[in-house]
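What follows is a set of notes on a single structure, which appears directly below.
So you know, we letter chains A, B, ... as the sequences are listed, proteins then strands, and number each from 1.
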There are 2 protein chains.
Amino acid sequence: MAVTMRDVAQAADVSIKTVSNVINDHPNIKAETRERVLLAIEKLGYQPNLSARGLRSGRTDVISLIIPDLKNAYFAELADAVMTAASKRGKVVIIEQSGGSRTRELEILHGPRMRMVDGVLYSVLGLGQEDVGLIDIPTPMVLLGERIFHGPTDHVTMQNIEASQAATKHLLQRGRTKLLAFGAHRNEVIGSAGLRLEGYRRALQNAGLDYRDELAIDVQSWHRSDGAQAMRQVLESGLEFDGVVAFNDSIALGAMRVMQDAGLRIPEDIAIIGFDDIDETRYSLPTLSTIDPGRRQIAETAVAMLLERIDGAAEATPAREFEADFKVISRESTAIKSAEDSA
Amino acid sequence: MAVTMRDVAQAADVSIKTVSNVINDHPNIKAETRERVLLAIEKLGYQPNLSARGLRSGRTDVISLIIPDLKNAYFAELADAVMTAASKRGKVVIIEQSGGSRTRELEILHGPRMRMVDGVLYSVLGLGQEDVGLIDIPTPMVLLGERIFHGPTDHVTMQNIEASQAATKHLLQRGRTKLLAFGAHRNEVIGSAGLRLEGYRRALQNAGLDYRDELAIDVQSWHRSDGAQAMRQVLESGLEFDGVVAFNDSIALGAMRVMQDAGLRIPEDIAIIGFDDIDETRYSLPTLSTIDPGRRQIAETAVAMLLERIDGAAEATPAREFEADFKVISRESTAIKSAEDSA
DNA sequence: GTGAAAGCGCTAACAT
DNA sequence: ATGTTAGCGCTTTCAC
């Protein structure tokens with residue numbers, strides 16, 4: 001059997017309580033006693049049993065992160081940011097992939113695994129605003145993403161409308177006027193797609209341009225292959241455009257590849273900007289202009305808020321909402337090369 | 001306080017043991033009794049306390065996956081494969097990022113967190129063969145990667161030498177003879193870099209070509225930016241080559257981008273093949289030929305082996321080694337376009 | 001400053 | 001087929 005606190009206590013000739021005190025950095029221990037205990041721990045190779053501690057204290061120091069899909073670069077980078085933030089505070093992270101499925105998200109949220117973690121960061125995709133009642137679980141939770149607003153929990157998100165508006169303005173400033181809103185979900189009002197489309201509209205309006213519905217291109221799933229396929233259809237249709245506001249980087253990269261195959265030059269013929277600032281955008285050919293959504297800030301804030309809820313520091317505080325700062329990252333795909341660009 | 005088994009037992013008017021039996025699908029329960037218990041569970045919203053179960057049974061149904069870095073596409077895809085395989089068998093996964101640091105890997109391996117998981121999948125990067133003595137931990141473990149061989153534990157890996165040899169042969173067959181071994185670590189014998197360089201040498205030898213040391217390009221860290229930088233130096237140096245065997249996809253993509261910037265056409269001027277078959281290789285311009293290392297098979301096998309160790313099914317079995325099947329994936333970056341390709 | 005003892009919620013002997 | 005009971009290893013009052 002593994003060595004327990006009792007063994008350590010015996011070896012150090014103190015009570016089990018004293019060992020516990022040393023381990024948990026409690027005050028009121030003579031330096032000499034602490035030394036002795038530490039030595040015994042070292043000698044016996046003692047390691048606390050986390051299950052026992054969890055049972056007794058109600059804390060496991062594990063938090064859960066629910067995301068749609070780790071293979072998606074955006075979520076891999078989010079997971080990394082969350083794990084880094086959690087690790088700084090002594091927590092480890094269990095990642096649960098939902099596949100964006102409603103059923104699976106509910107299963108996870110209401111499953112027994114929730115009882116073994118101190119809290120949850122939930123990046124919503126399957127559920128929507130109408131499900132706001134279903135996310136009121138006993139485990140402390142912080143919501144991520146833009147599918148549900150004003151729920152019963154803290155919420156950390158990015159400035160979708162403002163960022164999308166800035167991205168659109170970025171292209172308008174470069175003289176492009178026939179801009180695709182690439183990645184729309186037509187009948188969505190909130191959700192990333194809905195909000196980003198709204199930002200696109202506002203930018204057009206501010207520039208005195210009309211919104212033309214045929215320029216809003218539906219791309220249901222935001223993977224690279226979907227972006228590629230949607231762009232293929234656009235090119236076949238003969239629709240005229242000189243710029244693309246893509247609602248995430250993956251579909252932007254997919255679309256870029258298809259346009260280049262078709263002989264279009266980027267940015268000379270078509271300027272394109274993405275969303276998310278995934279690592280890859282710095283290495284594509286051309287490099288992709290994009291929106292930095294403030295991922296690190298999102299992760300840090302979400303973890304901090306969650307921990308406050310867990311140790312009750314924010315007990316009296318009502319549900320908070322936090323929007324991270326964003327930045328337009330200008331790269332080659334929207335570079336200004338010469339006067340005839342907008343021709 | 002949360003509802004416990006005792007409450008359920010009371011509500012269903014049975015003993016606590018019966019409730020436990022129902023939950024754990026033990027035999028010998030009258031259908032009618034089971035019904036009653038299930039109903040009570042439902043009504044009270046009972047959820048088992050996993051810490052308590054873990055304490056009592058010594059099992060947590062959590063396994064740990066130690067990898068260098070989630071932002072690295074290869075590891076993100078590996079993590080996804082592992083989580084999927086684990087989930088099928090009722091386990092969840094804690095991901096620990098080591099950053100490839102020796103110290104950090106040892107810290108994790110010997111840390112208290114190991115006592116809260118049933119087993120570990122450890123993708124070695126920081127440690128090396130000389131550390132084989134340090135990885136003999138009490139927690140069941142399966143080793144991944146190619147830094148340590150013939151250790152005290154099961155080991156799942158890919159066929160590095162054979163795969164690299166096949167990749168090199170793939171280029172040789174296309175008439176390329178001046179091939180960079182891109183991503184070498186000069187003084188490494190085992191490790192991915194060492195083994196892949198060996199495969200490269202064997203392929204040359206089989207083709208009756210001499211190994212030329214100046215064609216082995218050191219790239220210490222295998223991120224895209226490192227590949228880009230190394231290729232910049234190669235181009236500046238004026239070294240002549242007509243093909244690139246890159247030791248992973250990321251550095252291949254970085255290098256490809258730099259070559260294109262320099263006006264080189266791929267595959268006409270330079271043919272290039274990568275390693276890992278990360279998703280992105282299907283969408284780059286041109287698409288990147290690569291080696292499919294058998295990721296799913298690796299994940300499935302590693303998880304299966306680990307679980308056998310955990311439930312003692314493989315108690316008597318000595319440490320096993322398993323090599324996954326690989327495949328050469330031929331894409332545009334090594335396509336045969338015309339007769340003058342090899343000019 | 002340290003010790004004794006209770007008990008967290010569960011599982012597994014053992015009993016019936 | 002079901003009930004009784006001990007105890008996993010730890011933290012936490014409460015004494016001293």
Side-chain angles (χ1 to χ4, degrees), chain A residues 1-38 40-41 44-62 112-118 138-139 311-312, chain B residues 1-38 40-41 44-62 112-118 138-139 311-312:
Chain A
M1 211 51 227
V3 25
T4 83
M5 266 179 53
R6 176 179 266 96
D7 303 325
V8 175
Q10 221 148 41
D13 200 30
V14 294
S15 87
I16 198 171
K17 166 69 168 116
T18 305
V19 179
S20 172
N21 281 342
V22 169
I23 289 173
N24 297 297
D25 266 337
H26 277 238
N28 297 346
I29 311 162
K30 241 194 306 191
E32 189 264 337
T33 314
R34 145 178 283 118
E35 263 332 293
R36 205 141 38 89
V37 170
L38 254 20
I41 287 178
L44 300 179
Y46 167 74
Q47 305 241 304
N49 178 316
L50 269 1
S51 289
R53 176 180 289 173
L55 173 57
R56 186 60 244 227
S57 68
R59 294 282 215 76
T60 58
D61 286 337
V62 178
R113 201 67 62 179
M114 282 299 106
R115 305 260 286 117
M116 100 167 313
V117 297
D118 293 344
T139 311
D311 32 74
Chain B
M1 209 54 227
V3 24
T4 84
M5 267 180 53
R6 177 177 267 96
D7 303 325
V8 175
Q10 219 148 42
D13 200 29
V14 294
S15 87
I16 194 172
K17 168 67 169 122
T18 304
V19 178
S20 171
N21 281 341
V22 169
I23 289 172
N24 297 298
D25 265 337
H26 277 237
N28 296 347
I29 311 160
K30 240 197 306 191
E32 189 263 336
T33 314
R34 145 177 283 117
E35 263 332 292
R36 206 141 37 92
V37 171
L38 256 20
I41 288 178
L44 300 180
Y46 168 75
Q47 305 241 303
N49 178 318
L50 270 2
S51 288
R53 175 181 291 173
L55 173 57
R56 183 63 243 225
S57 68
R59 295 279 220 76
T60 59
D61 287 337
V62 179
R113 200 68 61 179
M114 282 298 106
R115 307 259 286 114
M116 102 168 310
V117 298
D118 293 344
T139 311
D311 33 73

Can you check the [X] [atom1] to [N] [atom2] distance for me, whole Å?
X     : N     : atom1 : atom2 : answer
A:R6  : C:dA6 : CZ    : P     : 13 Å
A:M5  : C:dA4 : CE    : C1'   : 13 Å
A:L50 : D:dC8 : CG    : P     : 18 Å
B:N21 : D:dA1 : CG    : P     : 11 Å
B:Q47 : C:dG9 : CD    : C1'   : 14 Å
B:I16 : C:dC8 : CD1   : P     : 11 Å
B:D13 : D:dT2 : CG    : P     : 12 Å
A:R59 : D:dG9 : CZ    : P     : 23 Å

Report which part of the nucleic acid [X] touches: base, sugar-phosphate, or nothing (heavy-atom distance under 4.0 Å, all strands).
X     : result
B:T33 : sugar-phosphate
B:T18 : sugar-phosphate
B:K30 : sugar-phosphate

Next on the checklist: Taking atom types as they are modelled, would you say the side chain of A:R56 forms a donor-acceptor pair with the base of C:dG7 within the 3.5 Å cutoff?
Outcome noted: yes
Checklist entry - Between A:P48 and B:R34, which is nearer to the 5' end of DNA chain D once each is assigned its nearest nucleotide? => result B:R34
Checklist entry - Is A:I23 close to A:I41 at the side-chain level, that is, under 4.5 Å between some pair of heavy atoms? => result yes
Item to check | Close side-chain approach of B:R113 to A:V62, heavy-atom, < 4.5 Å | outcome: yes
Nearest-0.5 Å distance, [atom1] of residue [X] to [atom2] of residue [Y]:
X     : Y     : atom1 : atom2 : value
B:S20 : B:H26 : OG    : NE2   : 6.0 Å
A:M5  : A:R53 : CE    : CZ    : 9.0 Å
A:L50 : A:L55 : CG    : CG    : 12.5 Å

Checklist entry - Which pair of non-hydrogen atoms, one from A:V19 and one from A:V14, has the smallest distance, and what is that distance? => result CG2-CG2, 3.9 Å
Checklist entry - What are the two closest non-hydrogen atoms of B:Y46 and B:V3, and how far apart are they? => result CD1-O, 3.3 Å
Checklist entry - Is the shortest side-chain N/O distance from B:S20 to OP1 or OP2 of C:dT11 below 4.0 Å? => result yes
Next on the checklist: I want to check one thing: is the phosphate of D:dG9, taken as OP1 and OP2, less than 4.0 Å away from some side-chain N or O of A:T4?
Outcome noted: no
Checklist entry - For the helix from C:dG1-D:dC16 to C:dT16-D:dA1, how many degrees between its two end axes (five pairs per end), to the nearest 10°? => result 30°
Nearest-nucleotide pick for [X], side chain only, options being [options]:
X     : options               : value
A:R53 : D:dG9, D:dT11, D:dT13 : D:dT11
A:L55 : D:dG3, C:dG9, C:dT11  : C:dG9
A:K17 : D:dC10, C:dA4, C:dC10 : C:dA4
A:Y46 : D:dT2, D:dC10, C:dT2  : D:dC10

Next on the checklist: Please compare B:N24 and A:E32 by the position of their nearest nucleotide in DNA chain C and report the one closer to 5'.
Outcome noted: A:E32
Checklist entry - When you measure from the side chain of A:R34 to the backbone N and O of A:V22, does any donor-acceptor pair fall under 3.5 Å? => result no
